[in-house]
Novice: 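The structure's right below; bear with me while I get my questions together.
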There are 2 protein chains.
Amino acid sequence: MTAARTTASAPGSRPGLRERKKLKTRIAIREATYRLIEDQGYEATTVEQIAEAAEVSASTVFRYFPTKEDIVLTDEYDPLLEQELRARPADEPIVESLRLVLRRAVNLGFTEEPEVSRLRTRLMIEVPAVRSRLLESMSVTGRMLCRVIAERTGRDAGELEVRVFAMGLIAALTETAAYWAEHDHRDDLGELVDRSLTMLAAGFAPGGEAP
Amino acid sequence: MTAARTTASAPGSRPGLRERKKLKTRIAIREATYRLIEDQGYEATTVEQIAEAAEVSASTVFRYFPTKEDIVLTDEYDPLLEQELRARPADEPIVESLRLVLRRAVNLGFTEEPEVSRLRTRLMIEVPAVRSRLLESMSVTGRMLCRVIAERTGRDAGELEVRVFAMGLIAALTETAAYWAEHDHRDDLGELVDRSLTMLAAGFAPGGEAP
DNA sequence: CCATGAAATGAGAGTAGCTGTCAAAAGGTA
DNA sequence: TACCTTTTGACAGCTACTCTCATTTCATGG
């Protein structure tokens with residue numbers, strides 16, 4: 001605690017060799033995983049194979065990713081999303097903020113590496129373990145949304161209504177992604193998100209008004 | 001295929017000894033699991049311990065329940081819920097149907113074995129594996145809701161809007177249960193459900209109107 | 001009441017994900 | 001160069017879960 005931190009160098013200064021190497025192995029592991037999974041499927045790919053392909057030991061793989069599913073699913077987009085949401089005007093309805101932010105994300109981030117998001121969503125509907133892990137990550141994103149909502153509306157982030165609202169939203173968006181994957185990614189994801197949010201905003205009823 | 005089925009006796013006739021025994025072991029396994037978990041926690045309880053306590057072999061445990069989490073979570077309430085929902089008038093808003101059906105379920109079913117629902121919801125927020133399994137079961141219940149909605153509104157159960165709506169609802173209710181457990185089951189679950197559904201019906205915004 | 005067929009069980013071996021420990025190697029600092 | 005910290009690899013170990021096969025238990029037709 002009192003000793004000087006050697007890692008986590010000051011922001012701005014170029015990260016040391018150690019940090020760069022860490023990032024490289026992290027990427028190596030993930031890319032090896034993607035390659036192997038596309039080749040032989042998820043279940044057939046063992047962590048040892050991944051370790052070998054990434055030229056590290058199996059222990060190292062588990063040091064970088066707590067579970068095998070995390071190798072596929074870990075996304076560091078949550079803080080980015082939070083930042084973008086906070087940048088929106090506070091009087092804008094959250095559903096609208098989400099609509100704008102997500103549309104941009106789909107148009108930019110997703111098309112940067114479209115194969116990856118396709119692989120992810122495909123695995124999400126095909127491999128139970130991956131789906132589980134993804135559903136779990138929903139609650140993390142949900143809590144993030146709670147914070148944003150709380151800040152905007154002045155309510156408590158732990159309030160029932162806020163939490164229920166946030167989780168409902170996140171689940172709706174996840175289901176939208178699932179729909180996209182189940183239809184072989186034929187539709188435009190941005191449009192699907194739009195439709196979903198429109199429905200939710202129109203009173204949370206599948207017909208626009210309550211049936 | 002051509003041979004006569006010995007099991008699955010005709011509905012109405014009393015099930016044979018085999019069926020009764022099967023049900024008994026199923027219950028024995030589940031009760032042994034509950035007991036052990038309350039004693040020593042979820043992770044510390046191994047399947048072998050459960051098998052021993054239930055006086056069966058470990059293989060048998062896995063024959064009855066595909067995973068350890070299923071022993072805790074398997075609920076056969078989905079078909080019941082579906083039946084109750086279908087029994088409601090078709091022109092009633094689904095949110096209202098859910099409100100009524102769930103309130104009755106909370107008042108009847110849950111208070112029949114309140115310790116079990118408390119244990120379940122507690123594990124749901126404490127044990128990641130259980131939470132995962134429960135989230136997965138959400139999608140099953142979600143599909144059921146899709147069917148009910150589709151039948152009522154004449155739309156397709158696979159339609160984006162229907163699916164998104166259903167999953168949003170289920171997730172919202174699950175979050176309500178989580179909230180209940182996190183607050184040590186102090187609140188009245190029925191009231192919490194009421195509040196959640198009211199918010200959703202009022203336009204899917206945590207304030208009643210869009211913030 | 002017994003013989004035959006089917007289903008349920010137990011025992012055991014095997015796989016793979018994941019955890020923990022410990023010593024060696026690599027990176028950073030003085 | 002010497003020293004300390006972090007990262008890594010090798011290994012052992014646990015447990016959930018699968019598969020196979022022999023044995024027992026139940027149902028049924030003669």
Side-chain angles (χ1 to χ4, degrees), chain A residues 1-10 13-29 33 36-37 40-73 127-130 132-133, chain B residues 1-10 13-29 33 36-37 40-73 127-130 132-133:
Chain A
M1 285 300 195
T2 51
R5 275 292 186 77
T6 54
T7 49
S9 48
S13 85
R14 183 265 217 80
L17 176 56
R18 221 162 225 171
E19 300 295 311
R20 275 177 285 158
K21 231 185 164 181
K22 249 163 92 172
L23 190 62
K24 262 171 82 172
T25 37
R26 201 182 168 78
I27 294 176
I29 293 173
T33 307
L36 286 169
I37 287 182
Q40 28 174 318
Y42 181 85
E43 323 255 2
T45 303
T46 78
V47 176
E48 295 204 358
Q49 287 176 349
I50 295 173
E52 195 180 2
E55 292 180 310
V56 291
S57 77
S59 339
T60 302
V61 173
F62 284 114
R63 249 182 227 110
Y64 278 80
F65 301 92
T67 75
K68 185 177 154 190
E69 299 93 52
D70 279 287
I71 308 178
V72 182
L73 285 181
V127 182
V130 174
S132 291
R133 188 65 194 70
Chain B
M1 287 301 190
T2 52
R5 274 295 186 75
T6 55
T7 50
S9 49
S13 86
R14 185 264 218 84
L17 176 57
R18 216 161 230 170
E19 300 294 311
R20 274 177 287 159
K21 233 184 162 180
K22 252 164 86 173
L23 190 62
K24 263 172 81 173
T25 37
R26 200 182 171 79
I27 292 175
I29 293 173
T33 306
L36 287 169
I37 288 183
Q40 29 172 311
Y42 180 86
E43 324 255 2
T45 303
T46 78
V47 176
E48 296 206 358
Q49 288 176 349
I50 295 173
E52 196 180 1
E55 293 181 308
V56 292
S57 76
S59 339
T60 301
V61 174
F62 285 113
R63 254 185 221 106
Y64 278 82
F65 301 93
T67 75
K68 185 178 156 189
E69 299 92 53
D70 279 287
I71 308 178
V72 182
L73 285 180
V127 183
V130 173
S132 290
R133 189 64 194 73

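Computation of the quantities below employed the complete heavy-atom set of this structure, encompassing side-chain atoms and omitting hydrogens, waters and symmetry-equivalent molecules. Naming convention: chains lettered A, B, ... in sequence-line order (proteins, then strands); numbering from 1 in each chain.
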Novice: Just the rounded figure in Å: distance from C1' of D/dC14 to CD of B/Q49.
Specialist: 13 Å

Novice: Give, for atom CZ of A/R133 and atom CD1 of A/I71, the distance between the pair rounded to the nearest 0.5 Å.
Specialist: 11.5 Å

Novice: What's A/S59 touching, base or sugar-phosphate or nothing? Going by heavy atoms closer than 4.0 Å.
Specialist: base

Novice: Could you pull out the closest heavy-atom pair between B/E69 and B/A129, with the gap in Å?
Specialist: CG-O, 3.6 Å

Novice: Ignoring backbone atoms, establish whether A/T46 has a side-chain N or O less than 4.0 Å from OP1 or OP2 of C/dA16.
Specialist: no

Novice: In Å, rounded to the nearest 0.5 Å, how long is the span from CG of B/L23 to CZ of B/R26?
Specialist: 8.0 Å

Novice: Let me know the distance between CG of A/L23 and P of D/dT6, rounded to the nearest Å.
Specialist: 19 Å

Novice: Quick one: A/I71 CD1 to C/dA16 P, roughly how many Å, whole number?
Specialist: 15 Å

Novice: Taking atom CD of B/E48 as the centre, does the number of heavy atoms from other residues, nucleotides or ligands within less than 6.0 Å exceed 12?
Specialist: no

Novice: Roughly how many Å is it from CD1 in B/I29 to C1' in C/dA8, rounded to a whole number?
Specialist: 12 Å

Novice: Taking only side-chain N and O atoms of B/Y64, does any of them lie within less than 4.0 angstrom of OP1 or OP2 on C/dA8?
Specialist: no

Novice: Closest approach to the side chain of A/K68, judged atom by atom: which nucleotide of C/dT9, D/dA16, C/dG17 is it?
Specialist: C/dG17

Novice: Can you measure B/K24 atom NZ to D/dT25 atom C1' for me and round it to whole angstrom units?
Specialist: 14 Å

Novice: Find the distance A/R63:CZ to D/dC11:C1' and express it as a whole number of Å.
Specialist: 12 Å

Novice: Considering just the side-chain nitrogens and oxygens of A/K22, establish if one lies under 4.0 Å of OP1 or OP2 belonging to D/dT7.
Specialist: yes

Novice: Go through C/dT9, D/dG9, C/dG17 for me and flag the one nearest to the A/T60 side chain.
Specialist: D/dG9

Novice: Please evaluate the base of C/dG27 for a donor-acceptor partner in the side chain of A/R20 within a cut-off of under 3.5 Å?
Specialist: no

Novice: For the atom pair CD1 (B/I29) and CZ (B/F65), what is the distance rounded to the nearest 0.5 Å?
Specialist: 5.5 Å

Novice: Assign A/F65 to base, sugar-phosphate, or nothing according to its heavy-atom contacts below 4.0 angstrom with the strands shown.
Specialist: nothing

Novice: Does a side-chain N or O of A/K21 approach OP1 or OP2 of C/dG27 to a distance below 4.0 Å, or not?
Specialist: yes

Novice: When you measure only distances, ignoring hydrogens and angles, does the side chain of B/R18 come within 3.5 Å of the base of D/dT25 through a donor and an acceptor?
Specialist: yes

Novice: Check the distance between C/dG20's P and B/E43's CD and give it to me in whole angstrom.
Specialist: 11 Å

Novice: I need the CD-P distance between B/E19 and C/dA8, as an integer number of Å.
Specialist: 7 Å

Novice: With the side chain of B/F62 defined as its heavy atoms from C-beta on, choose the nearest nucleotide among C/dG10, D/dG9, D/dC17.
Specialist: D/dC17

